[in-house]
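Read the numbers this way: they start at 1 and go in the same order the structure lists the ligands and their atoms. Along the sequence shown, residues are numbered consecutively beginning with 1.
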Amino acid sequence: MSEKMTVPLLDLKAQYATIKAEIAAALEEVLETQWFIMGPKIVELEKAIAEYCQTKFAVGCASGSDAILLALMANDVGPDSEIICPSYTFFATAGSISILGARPVWVDIDPVTYNMDPELTRKVAQQCTNLKAIMPVHLYGQAADLDAFLKIGQEFNVPIIEDAAQAIGTRDRSGTPAGSRGQIGCFSFFPTKNLGGYGDGGIVTTNDEALAESMSILRVHGSKPKYHHHVRGINARLDALQAAILLVKLKHLDSWHDQRRGNAQSYNRLFHDAGATSSATPLSGGGFPLRTPHQLEPPAKHIFNQYVIRVPGEIRDSLREHLREAGVGTEIYYPIPLHLQKCYADAGGREGDLPESELAAKETLALPIYPELTSQQIEYVAGTTISYISQHAAVCTS
Ligand SMILES: *Cc1c(COP(=O)(O)O)cnc(C)c1O
C-alpha cells in the first residue's frame, strides 16, 4: 500500500493497445473505399447490434442523444407532450425531450439500484394529462425494472423507451438484453461507454418495422426518396469510420464485460472484508460506512459501465480529493439532479422534491472499473478508500 500508483478513472490507451492492429485494418478498409456516409459498414453494424441485442432492427445514428431524439420524434412527441424520466441521470435523457418542446416529468429513484422507481412512476403517470412515453434509464449498466415498467406502459397505453446508453449487453431480471423489450432502445457509442467509438455515435433498436423505417428516414433529414421530404427530419447519421471501429470492438465486448464484472467482484470482496455491505442496506443501517453496488440476481447481468460506491455525504468530496492526491481518478455521476439544474428552474423543481435522487447525488462516487485494471490497482484503490474512511468514520457514525 505504500507505493503510490496511478489509476485513471478510465484508461482507453490500455484498451487501444490490445486492438491496435485490428483497428488499423478496419480503418484502412474504409479509407480505401472513401465511402464515409451511410453505406455497407453502417448496415453491417446495424445487423450486428440488432443480433447482439436480440431485436429485429437497429438504426445507427450520430449519438446517444440523437438516438433518444429519434425515438421521441418517431412517436410524434412535441410541444405539450409529457415524458416520464428520472432526474438522477445524464442530462441527455431529459435534454432530448426538452429540445422537442416536450416536458420531462421527473420520478425519483429506488435507492438500492439507483434506477427509476416503478411505483412512483405509476403515481406520477396518474397525474399526467398528455403522457406520451415512459423512459427508464438503465443507470451505470444495471437494468431498470422492465417488467414493472412494461406493465405500467400498458396501463397508461404509452410506450416504454429505454435509455440504454450505458447498458449495451445488460440483461434485465428476465435475462433479456436491454433495449429489446421496450418499444425502442437507445444506445450511445460515446468513448466512455462499454462499447465506445473514437468519437460520437449511437444506435436505436426496435422490433417494430414501421418505427425502424421512420427513424431511418428521420436521421437523414426526413428524406426518402432523396430530396423528397414527407417528414421534417434531422442530420443524425453515424460515420462509416465509427461503424468500422465499433464492429472490431463489438467482438471483444463480452470479454470486456466479464473483466469489468470480475473487477467489481474484487472490489466487493475487499470492501465487504472491511465490513461494508451492499446498497441493499441504507447507509443509516450501520456497519462500515461504505455501500457497494447492489447487483440483481442472475439471469440479470450488470455490465458495470460504472462501479459506484456510496459513502456518507460529509466525507464524499474529501474522500474524492484524497483519492485524487493518491493518484486515483474518480467521478461523481451525477452531482446535481436534473430537476435542480438551472436550465430547468422554470419547470418548478425544488430541493426536497426527489429525496432519493438528491441524497444519491451527495453520497455516490464512481471508482475506476475499466477492463484492463490490474489486481494491484484494484487493491490500491480499495485500500486507499478503506483507510481514509476508517480514519474519518468517527465524523459520520457519531
Ligand atoms: C451517454 C448517455 C446519453 C447520451 O449519449 P451521447 O452519445 O453522449 O449523446 C444519454 N443517456 C445516458 C444515460 C447516458 O449515459
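For ligand 1, the atoms closer than 4.0 angstrom to any heavy atom of S65 are 4 (C), 5 (O), 6 (P), 9 (O). Shown in contact with Q166 at under 4.0 Å from a heavy atom are these atoms of ligand 1, numbered in order with element: 13 (C), 14 (C), 15 (O). Below 4.0 Å from some heavy atom of T89 lie the following atoms of ligand 1, by number and element: 13 (C). Taking every non-hydrogen atom of V137 and a distance limit under 4.0 Å, the qualifying atoms of ligand 1 come out as 13 (C). Shown in contact with S63 at under 4.0 Å from a heavy atom are these atoms of ligand 1, numbered in order with element: 7 (O), 9 (O).
Using modelled atom types and a 3.5 Å distance limit, the side chains of Y52 and D254 yield a donor-acceptor pair. With hydrogens and angles left out, the side-chain atoms of E162 and H138 include a donor and acceptor closer than 3.5 Å.
By the 30° and 60° cut-offs, the orientation of the rings of Y114 relative to Y140 is perpendicular.
For the pair D66 and A236, the tightest heavy-atom approach, listed with the atom from each and the gap, is OD2-CB, 3.5 Å.
A donor-acceptor pair under 3.5 Å is formed between the side chain of S279 and the backbone N or O of V112.
Using 4.0 Å as the threshold, K193 has a heavy atom nearer than that to some atom of ligand 1.
Screening H257, Q15, E22 for a side-chain hydrogen bond (donor to acceptor under 3.5 Å, both in side chains) with H252, the sole residue that qualifies is E22.
Not a single N or O atom of D66, backbone or side chain, sits closer than 3.5 Å to an N or O atom of ligand 1. By the 3.5 Å distance cut-off applied to N or O atoms, D163 is counted among the residues near ligand 1. Below 3.5 Å of separation, one finds an N or O of G64 facing an N or O of ligand 1.
Between W256 and Y370, the distance separating the two ring centers is not shorter than 6.0 angstrom.
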